[in-house]
Amino acid sequence: MSDLAEKLKYFRKKSNLTQQQVADALGIDRSAYSYYETNTSTPKLATVQNLARLYNTSVDLLLGNTGAVSEGAVLNSPDRFEKWYMDDRFNQLSDFEQAILLRIRLMSVEEKKKLMEYIENSISNS
């Protein structure tokens, strides 16, 4: 597995996500994401960074910079993926709940802190 398109498809399927779910998380059209997987177009670096966060991997791995470690060993390692991707409980969530979790995955640490503060303030003001 050497090119970005193949890796994106691999990680998406391993994460049990549809192209639409990934596109929604990235805020792009499904067709735009589909073009990345078919090597019709190449995502911008910022999009590759978001995809790496979404799939809990590194930009280096997505772009093929794995160094001395074999790609097969890295890609097939079960600890490369978040548990909730593989967990049936994720698939039992509504589409809305899944979309929220995927978008949170793309947030920076600071954005996540702000979100938690907002939620805590909303609960205490109820």
Side-chain angles (χ1 to χ4, degrees):
M1 191 178 311
S2 61
D3 75 343
L4 178 61
E6 290 176 14
K7 288 179 186 165
L8 292 178
K9 188 173 185 177
Y10 172 86
F11 277 103
R12 180 181 57 77
K13 287 185 174 197
K14 274 298 231 190
S15 301
N16 293 319
L17 297 172
T18 65
Q19 287 184 344
Q20 187 65 58
Q21 288 173 309
V22 174
D24 289 346
L26 296 172
I28 62 175
D29 290 333
R30 188 209 51 81
S31 60
Y33 180 77
S34 174
Y35 292 153
Y36 301 155
E37 284 192 7
T38 59
N39 209 20
T40 304
S41 69
T42 304
K44 294 179 180 179
L45 180 57
T47 302
V48 174
Q49 291 169 326
N50 283 335
L51 286 162
R53 278 198 300 264
L54 185 69
Y55 296 135
N56 194 34
T57 191
S58 69
V59 171
D60 282 342
L61 180 64
L62 288 179
L63 297 178
N65 304 324
T66 58
V69 179
S70 87
E71 271 182 279
V74 173
L75 289 176
N76 294 318
S77 174
D79 62 347
R80 294 302 302 169
F81 304 101
E82 292 271 334
K83 268 187 163 180
W84 63 269
Y85 278 138
M86 302 302 187
D87 196 323
D88 281 337
R89 290 177 290 180
F90 178 75
N91 294 323
Q92 292 172 2
L93 297 173
S94 71
D95 290 345
F96 178 73
E97 292 166 324
Q98 289 180 8
I100 289 171
L101 289 174
L102 293 173
R103 293 217 182 201
I104 289 171
R105 178 62 118 132
L106 297 177
M107 291 178 164
S108 68
V109 172
E110 187 59 35
E111 290 169 326
K112 288 176 185 177
K113 286 180 184 177
K114 287 179 184 177
L115 176 61
M116 285 306 295
E117 288 172 9
Y118 173 79
I119 291 170
E120 289 169 2
N121 289 335
S122 295
I123 291 171
S124 65
N125 291 333
S126 295

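- Applying the side-chain contact (heavy atoms from CB on, under 4.5 Å) criterion to Phe96, with sequence neighbours excluded, gives Ser94, Ile100.
- Closest approach of Asp3 to Glu6, counting heavy atoms only: OD1-CG, 2.9 Å.
- Under the side-chain contact (heavy atoms from CB on, under 4.5 Å) criterion, Lys112 pairs with Ile104, Met107, sequence neighbours left out.
- Atoms NZ and CD1, from Lys44 and Ile28 in turn, are 11.0 Å apart once rounded to the nearest 0.5 Å.
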With side chain to side chain contact (heavy atoms under 4.5 Å, CB included) as the test, would you mind laying out the steps for Lys7 and Leu63 before giving the verdict? CA-CA 9 Å; Lys7 288 179 186 165; Leu63 297 178; over 6 Å; no

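- One hydrophobic cluster, built from ILVMFWY side chains closer than 4.5 Å, holds both Val22 and Leu101.
- With rounding to the nearest 0.5 angstrom, the CG atom of Leu106 is 5.0 Å from the CG atom of Asn50.
- Looking only at side-chain heavy atoms (C-beta outward), Leu61 and Phe11 come within less than 4.5 Å of each other.
- Of the inter-residue distances, the one linking Gln20 atom CD with Ser31 atom OG reads 9.0 Å to the nearest 0.5 angstrom.
- In this structure Ile123 satisfies the side-chain contact (heavy atoms from CB on, under 4.5 Å) test together with Ile119, sequence neighbours excluded.
- The heavy-atom pair separating Val48 from Leu62 by the smallest distance is O-CD1, 3.8 Å.
- Within the 4.5 Å cutoff, the side chain of Leu102 has no heavy atoms near those of the Asp24 side chain.
- Applying the side-chain hydrogen bond (donor to acceptor under 3.5 Å, both in side chains) rule to pairs touching residues 34-43 yields Arg12-Glu37, Gln19-Glu37, Tyr33-Glu37, Thr38-Thr40, sequence neighbours excluded.
- Residues Val59 and Ala52 approach most closely at N-CB, 3.7 Å, considering heavy atoms.
- The CG atom of Leu54 lies 10.0 Å from the CD atom of Gln21; values are rounded to the nearest 0.5 Å.
- Between atom CZ of residue Arg105 and atom CG of residue Leu51 there is a gap of 12.0 Å, rounded to the nearest 0.5 Å.
- Within the 4.5 Å cutoff, side-chain heavy atoms of Leu4 are placed close to those of Pro43.
- For Ser108, the side-chain contact (heavy atoms from CB on, under 4.5 Å) partners two or more places apart in sequence, or in a different chain, are Glu110, Glu111.
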